[in-house]
Amino acid sequence: MAAARSPAQPLMAGVGLDQPFFDDKNRAFWILQSAGWTGYFILRSLSGFSNSMGLVWLVHTALLTATGYSLTLLMASLFRRLIAMKPIWTLVLSLAVVVLAATAFSIIETWSVATFLKPNLELGPRTYLSAILLDFALLAAWAALYYGINYFLLLESEIKQRERLESQASTAQLAMLRYQLNPHFLFNTLNSISTLVLLKQTERANAMLARLSSFLRYTLANEPTAKVTLAQEVETLKLYLEIEKMRFEDRLRPHFKIEPETIGARLPSLLLQPLIENAIKYAVTPSEDGADIWINATRQGQGVRIEVADNGSAEGADLSASPSTGVGLANIRDRLTQAYGPAHGFATQENDKGGFSVIVEIPYETGDKDT
């Protein structure tokens, strides 16, 4: 549904007010500069009329406004260069610029008073001094506002740049973790295919190669940092298990119990594959009878609970912490941290089937929140 168009939108677009104010620093400067000195002119004019100064006061005020406007343009030109210096030099030189500008301002103001308002005014040091103090305060306030706005914009720019770099680093970390999985899985699968070839079981080797090709085509279609739905992840796991079934046949018995409410939940792609691999390695491989592997997903409030369990010897809990297990569970922990920060859960435990369980809890996210 299209957003309602404001009647003032064309006018705002015409003057550049339909975008963030400081996106165009040059435009923002001229708007603030003009608005500020216009306000100065109006306030001084009203002050003069309230004191019955007459129309000549407008001439005097207009001259001062033009002087202030011009001097601050020169100051801005200098400040753009001074702001890049060391802070001490910026402060000292900026103060000197303000003093010089205030001196010029006071000379013009005093001349204007003597010319238009008080023709009999005697000009002397005291006269100029009384004017320079007020002019110095005015220009110092302008300089403080100028630097305040520009330092704020510089700080905001640095914060955005840091956030962008942190995001890029996080994306690179996720990609690295994801790419760790393919070599790890490929080594085991290709080793099995090699064994089948040596045993002259050509048909089984060809079937495994075909399924490996389907699995890689499916997984490589996704970006390494992308999130997929749980339904897509389950389909990927089934492709992976078809390959492993070629190795273990009836010794590998997978069972899926995925609640319908969870199939649209999104999670990092290939997040669960190392859990299945871990279960195969420590539950199916050591046992002559093999093992059952359960993949359960349930909705819990605003989150999703995913459990991968087996009925092996529960040695996986100890073995998963050893260096020999490679990237497995450590990879998942890192990927969960990168993807969700503290808003996730990860636990390993012995289960009531006498085997090993890994429990992952993640926030329930749909495509609208996928990044």
Side-chain angles (χ1 to χ4, degrees), residues 181 184-196 199 201 203-216 218-219 228-260 262-263 265 267 269-298 304-320 324-329 331-332 346-361:
L181 298 178
H184 188 239
F185 162 67
L186 282 173
F187 174 81
N188 292 333
T189 304
L190 293 175
N191 188 54
S192 297
I193 294 173
S194 175
T195 301
L196 291 175
L199 295 174
Q201 298 183 19
E203 291 185 4
R204 294 187 64 193
N206 287 335
M208 185 174 284
L209 277 172
R211 292 176 182 178
L212 175 62
S213 175
S214 298
F215 175 79
L216 292 178
Y218 190 93
T219 57
V228 299
T229 63
L230 183 57
Q232 291 173 308
E233 183 76 354
V234 168
E235 289 302 315
T236 308
L237 291 179
K238 288 180 179 179
L239 284 173
Y240 169 73
L241 285 167
E242 285 181 4
I243 296 171
E244 296 293 13
K245 285 279 285 184
M246 296 290 295
R247 295 172 55 200
F248 297 101
E249 298 181 337
D250 293 338
R251 293 172 60 206
L252 172 59
R253 299 179 292 275
H255 310 278
F256 288 88
K257 186 179 178 182
I258 311 297
E259 291 186 353
T262 66
I263 61 175
L267 69 166
S269 62
L270 286 184
L271 181 73
L272 303 180
Q273 187 264 345
L275 299 182
I276 305 297
E277 189 172 0
N278 191 70
I280 291 173
K281 185 174 184 179
Y282 297 113
V284 178
T285 302
S287 172
E288 291 184 3
D289 297 328
D292 294 270
I293 299 175
W294 291 269
I295 300 95
N296 304 325
T298 57
V304 176
R305 183 181 187 272
I306 303 171
E307 179 180 5
V308 176
D310 61 64
N311 59 353
S313 63
E315 293 180 355
D318 297 326
L319 293 171
S320 64
S324 63
T325 60
V327 300
L329 300 185
N331 180 285
I332 295 176
F346 183 87
T348 59
Q349 62 185 35
E350 294 185 21
N351 57 44
D352 55 6
K353 301 177 180 65
F356 178 58
S357 290
V358 178
I359 300 169
V360 174
E361 295 177 340

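None of these values were measured; they are calculated from a predicted model. Along the sequence shown, residues are numbered consecutively beginning with 1.
The closest side-chain heavy-atom distance from Leu239 to Arg211 is not below 4.5 Å. Looking at heavy atoms from C-beta onward, Leu267 lies out of side-chain contact with Val360 at the 4.5 angstrom threshold.
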Checklist entry - Going through the distances and angles, do Leu190 and Leu212 end up as a side chain to side chain contact (heavy atoms under 4.5 Å, CB included)? => result CA-CA 9 Å; Leu190 293 175; Leu212 175 62; 4.0 Å; yes

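Under a 3.5 Å cut-off, the side chain of Arg251 and the backbone N or O of Ser287 do form a donor-acceptor pair. Under the 3.5 Å distance criterion, the side-chain polar atoms of Asn311 are left unmatched by any main-chain donor or acceptor of Lys353. In this structure, the side chain of Glu307 does not engage the main chain of Ser357 through any donor-acceptor pair within 3.5 Å.
A donor atom on one side chain and an acceptor atom on the other are found under 3.5 Å apart for Thr229 and Gln232.
Annotation: the span from Asn351 atom CG to Asp310 atom CG amounts to 6.5 Å, rounded to 0.5 Å. Rounded to the nearest 0.5 angstrom, Leu270 CG and Ile332 CD1 are separated by 10.5 Å. The CG atom of Leu237 lies 10.5 Å from the CD1 atom of Ile293; values are rounded to the nearest 0.5 Å. Between the CD1 atom in Ile258 and the OG1 atom in Thr298 there is a gap of 9.5 Å [rounded to 0.5 Å]. The line from NE2 of His255 to CG of Asn296 is 10.0 Å long, rounded to the nearest 0.5 Å. How far CD of Gln273 is from CG of Leu241: 9.0 Å, rounded to the nearest 0.5 Å.
Within 6.0 Å of atom CG in Asp250, 12 or fewer heavy atoms from other residues, nucleotides or ligands are found, so the atom counts as exposed in its surroundings.
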